[in-house]
Amino acid sequence: MPELPEVETIKNTLKHYVINKTIKEVSVYWPNIIKHPDDAEQFKLILPGQTIRDITRKGKFLLFQLDDYVLISHLRMEGKYSVHKTIEPIKKHTHVVFAFTDGQELRYNDVRKFGTMHVYTKGDEMSQKPLSQLGPDPFDEGFTFDYFYQKLKKTERVIKTALLDQTIVAGLGNIYVDETLFRANVHPLKRSSKLNKKEIRSIQCQAIETLEEAVKQGGTTIRSYVNGQGEMGMFQQNLFVYGQENKPCKKCGKPITKMKIGGRGTHVCKTCQKN
DNA sequence: TCTGCTGTTAAACA
DNA sequence: GTGTTTAACAGCAG
């Protein structure tokens, strides 16, 4: 589910509810979510007493900035956060609960249990998995044309696969890659190393623009995504190709084709996107 | 009931 | 380095 715009929206809505709250107790109902410390019991032990000072984001990762630690959370396909009063019943598929000292709780719910959580001592998080190998966030200074050009020029993979690679740029997923390539008029099967400067610049600009627009719309809800307040996104109304199989292209009117690239469903207008 | 699909990613293997 | 398959899971459509 959540790609950069959805994580950004969750961050913004959640901040409103959990900033300056102090963790009293942590419950873990599915320990496999916890990747660091190795032992979920340890995870439960170190967090009480910590106050959430800020929430930040890098790529698709949500970072809860605590006093002494950083909690790094990845939602994978269907992870969701919500805030409740302690007395409210726990919903199905709730795997981790952070109870605060004020009678409220931050709950992590994940139908498919693919999400991950890592806790590191503050300052260590960037040199450890999962952030250590991550490329620049598209909204960061580090996502320069020179950097992007170099990275794409030296890989033989097709552009669709390269854009999904989080070590090149962090935050694009299947929806926004398809949208970006359509807007840039580049075919997803085009070899990255064969792209010219103009195409690479276009992909970079369209990626940033698409993500910015999606953030403004509160993200894209296809099946299950909701923000930290349980609200759906609206960007699905602005999609050009994702989920538009057999529907007329909004630019040329020819039907949108769906194919498989690198094992991922890929939507393309064969008229507008040239290989 | 069975099969294939899903917004993610890491690991194992050729 | 690159591509493919599998695996972590549950739900849903056909």
Side-chain angles (χ1 to χ4, degrees), chain A residues 1-10 29-36 38 40 57-62 72-81 91-96 108-118 128-135 150-181 188-194 207 210-211 214-215 217-227 232-236 238-246 258-267:
Chain A
M1 130 210 181
E3 303 178 35
L4 187 152
E6 291 75 37
V7 178
E8 178 71 13
T9 304
I10 290 166
Y29 303 108
W30 187 259
N32 290 353
I33 303 270
I34 313 301
K35 304 299 182 186
H36 192 274
D38 306 341
R57 179 190 61 71
K58 170 114 188 183
K60 302 176 193 172
F61 291 92
L62 214 47
I72 304 162
S73 173
H74 196 301
L75 277 31
R76 293 287 182 100
M77 300 286 262
E78 304 211 45
K80 288 175 197 58
Y81 278 103
K91 284 196 196 113
K92 199 176 171 185
H93 306 306
T94 296
H95 307 308
V96 184
Y108 178 72
N109 184 286
D110 187 344
V111 170
R112 293 176 69 182
K113 299 176 175 164
F114 284 179
T116 61
M117 291 186 194
H118 295 73
Q128 304 278 149
K129 272 190 179 178
L131 298 186
S132 54
Q133 296 300 92
L134 207 59
Q150 295 302 330
K151 279 283 186 186
L152 292 182
K153 274 293 167 187
K154 69 178 179 199
T155 180
E156 291 308 311
R157 292 131 94 203
V158 300
I159 185 63
K160 161 99 183 185
T161 307
L163 289 179
L164 285 172
D165 180 349
Q166 303 293 300
T167 69
I168 294 181
V169 55
L172 292 172
N174 211 28
I175 296 179
Y176 296 108
V177 166
D178 284 4
E179 293 300 306
T180 295
L181 290 174
L189 281 175
K190 179 111 181 179
R191 280 210 183 281
S192 304
S193 57
K194 295 259 176 74
T210 305
L211 293 168
V215 169
Q217 300 280 312
T220 303
T221 297
I222 299 296
R223 275 198 300 280
S224 63
Y225 161 76
V226 291
N227 68 23
M232 299 198 309
M234 298 301 287
F235 193 70
Q236 57 275 15
N238 302 278
L239 296 175
F240 284 98
V241 287
Y242 187 88
Q244 309 298 307
E245 188 182 7
N246 296 328
K258 185 171 179 183
M259 57 176 82
K260 205 137 202 154
I261 300 177
R264 309 296 303 276
T266 301
H267 309 76

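Note that these values count all heavy atoms, side chains included, but never hydrogens, waters or copies made by symmetry. Treat the numbers as computed from the prediction; the structure is a model and nothing was measured. Naming convention: chains lettered A, B, ... in sequence-line order (proteins, then strands); numbering from 1 in each chain.
Using a 4.5 Å heavy-atom cutoff, the side chains of A:Tyr108 and A:Trp30 are not in contact.
Across the C1' atoms, B:dG4 and C:dT5 are found 16 Å apart, a figure rounded to whole Å. The same atom, P, is picked in B:dT8 and in C:dG1; the two are 24 Å apart, to the nearest Å. Across C:dC9 and B:dA11, the matching P atoms stand 16 Å from one another, rounded to whole Å.
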Report task. Using a 4.0 Å cut-off on protein heavy atoms (strictly under), produce a 5'-to-3' string for nucleotides 9-14 of chain B with B for base contact, S for backbone-only sugar-phosphate contact, and - for none. Result -> B-S---
Report summary line: With sugar-phosphate taken as primed atoms, P, OP1 and OP2 and all else as base, the protein-contact string of nucleotides 9-14 of chain C at under 4.0 Å (heavy atoms; B, S, -) is BBS---
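Between the CD1 atom of A:Ile222 and the C1' atom of B:dC5 there is a distance of 14 Å, rounded to whole Å. Summarising the geometry, the separation between CZ on A:Arg191 and P on C:dG1 is reported as 16 Å, rounded to the nearest angstrom. The interatomic distance linking A:Asp165 (CG) with B:dT8 (P) rounds to 13 Å, in whole Å. For the pair A:Lys35 NZ and C:dA7 C1', the interatomic distance rounds to 11 Å; values are reported in whole Å. A:Tyr176 places its OH atom 10 Å from the P atom of B:dT8, with the value rounded to the nearest Å. Straight-line distance from the CG atom of A:Leu189 to the P atom of C:dG3: 11 Å, rounded to whole Å.
With sequence neighbours left out, the side-chain contact (heavy atoms from CB on, under 4.5 Å) criterion links A:His74 to A:Lys60, A:Phe61, A:Arg76, A:Thr116. Listed by chain and residue number, nothing satisfies the side chain to side chain donor-acceptor pair (under 3.5 Å) test with A:Thr155 (two or more places apart in sequence, or in another chain). The salt bridge (Lys or Arg N to Asp or Glu O under 4.0 Å) check on A:Lys35 picks up nothing, with sequence neighbours excluded. Listed by chain and residue number, A:Phe182 satisfy the ring pair (Phe, Tyr, Trp, His ring centres under 6.0 Å) test with A:Phe240 (two or more places apart in sequence, or in another chain). Every residue two or more places apart in sequence or in another chain that forms a side chain to side chain donor-acceptor pair (under 3.5 Å) with A:Arg57 is listed here: A:Glu8, A:Asp137. Checked against side chain to side chain donor-acceptor pair (under 3.5 Å), A:Thr210 has the following partners two or more places apart in sequence or in another chain: A:Arg183. A search for side chain to side chain donor-acceptor pair (under 3.5 Å) contacts involving A:Thr266 returns A:Lys160, not counting sequence neighbours.
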Query raised in the report: How does DNA chain B look in dot-bracket form if you count Watson-Crick and G-U pairs under 3.5 Å, write [ ] for pairs that cross, and put | where a base pairs with another strand?
Result: .|||||.|||||||
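A donor-acceptor contact closer than 3.5 angstrom is absent between the side chains of A:Tyr242 and A:Thr220. No hydrogens or angles considered: nothing links the side chains of A:Asp110 and A:His95 as a donor-acceptor pair under 3.5 Å. Defined by atom type and a distance below 3.5 Å, a donor-acceptor pair is missing between the side-chain atoms of A:Glu3 and A:Tyr225.
With a 6.0 Å radius and a threshold of 12 heavy atoms from other residues, nucleotides or ligands, A:Met259 has its CE atom above the threshold.
Remark: the backbone N or O of A:Gly219 is not paired with any side-chain donor or acceptor of A:Glu6 at under 3.5 angstrom.
The salt bridge (Lys or Arg N to Asp or Glu O under 4.0 Å) contacts involving residues 165-177 of chain A comprise A:Arg157-A:Asp165, where partners must be two or more places apart or lie in separate chains.
A sub-4.0 Å separation between OP1 or OP2 of C:dT4 and a side-chain N or O of A:Lys260 is absent.
Taking every heavy atom of residues 152-163 of chain A and every atom of DNA chain C, pairs under 4.0 Å involve A:Thr155, A:Glu156, A:Arg157, by number.
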